[in-house]
Amino acid sequence: TLATMLAKSKAHVTMLDIDPLSFALARRYFHLPASVICHVADGAKFLRAGTARYDAIVLDAYGTGGVPRHLLRQGFFAQVKARLAPKGIFLVNLIAADDEDRRPDRAGFRLKGTFSQVAVCDAEGELDRNVLLLAGRVKGLRRPRLRLSPTRGADGLSAELKRYDFRPLKA
């Protein structure tokens with residue numbers, strides 16, 4: 001969905017996934033435009049092998065055990081930083097079971113080992129929610145809001161986004 005919305009707003013989008021079926025599903029059910037470049041690849045290997053720089057890199061990688069561990073280590077974060085444009089942003093989408101779940105914060109502190117600016121966008125009080133970690137040029141970011149309305153569910157999505165706000169990392 002994010003790749004489709006970005007492409008429709010005229011951004012140049014490159015998507016990676018280790019499963020080629022993901023791209024077929026995205027094109028069929030999420031109207032992923034043909035302009036989106038798709039690579040069947042592991043994100044770490046892809047970044048290591050190339051030289052391109054990106055304005056934004058989004059990590060949204062889930063397997064049966066959550067995000068693969070190698071994608072939450074400082075070595076990978078250093079690869080991401082090396083591939084970001086000078087004003088680039090790295091966004092990591094994680095899941096928190098509840099307010100006591102510190103996995104997103106632990107990942108945020110690891111990010112701070114590589115990036116000087118790290119922000120957490122969270123909807124505290126919600127169960128099994130997405131938590132966004134942002135690194136790079138994140139100073140002055142404002143809470144998310146709906147900019148492109150989906151064909152269905154815009155009201156629910158807008159209400160959900162209102163529950164998100166920035167908070168400090170928690171030890």
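Note that this is a predicted model, so its numbers are computed, not measured. We number each residue from 1, following the sequence as shown.
At distances below 3.5 Å, not a single donor-acceptor pair connects side-chain atoms of T114 with backbone N or O atoms of F77. Remark: the backbone N or O of I95 is paired with a side-chain donor or acceptor of Y62 at under 3.5 angstrom. Side-chain atoms of Q117 never come within 3.5 Å of backbone atoms of R137 as a donor-acceptor pair (strictly under, hydrogens ignored). Judged by distance alone, the side chain of R83 and the main-chain N or O of A52 form a donor-acceptor pair under 3.5 Å.
In this pair, H39 and F46 present their aromatic rings tilted. The plane angle is within the 30 to 60° band.
By the side-chain hydrogen bond (donor to acceptor under 3.5 Å, both in side chains) test, N93 pairs with D60, N130, sequence neighbours left out.
A distance of 8.5 Å separates CG in L94 from CZ in R103, rounded to the nearest 0.5 Å. With values rounded to the nearest 0.5 angstrom, R143 atom CZ is found 12.0 Å from D122 atom CG.
Shortest non-hydrogen contact noted between R129 and Y164 is CB-OH, 4.2 Å. D99 approaches G125 most closely through the heavy-atom pair OD1-N, 2.9 Å. Between V131 and P104 the shortest heavy-atom distance is CG1-CB, 3.8 Å. Residues A107 and L133 approach most closely at CB-CD1, 3.7 Å, considering heavy atoms.
For the pair K81 and F90, the cation-pi criterion (under 6.0 Å, within 45° of the ring axis) is not fulfilled.
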Should V92 and L132 be marked as a side chain to side chain contact (heavy atoms under 4.5 Å, CB included) after you check the CA-CA gap, both sets of side-chain angles, and the distance that decides it?
-> CA-CA 6 Å; V92 182; L132 305 177; over 6 Å; no
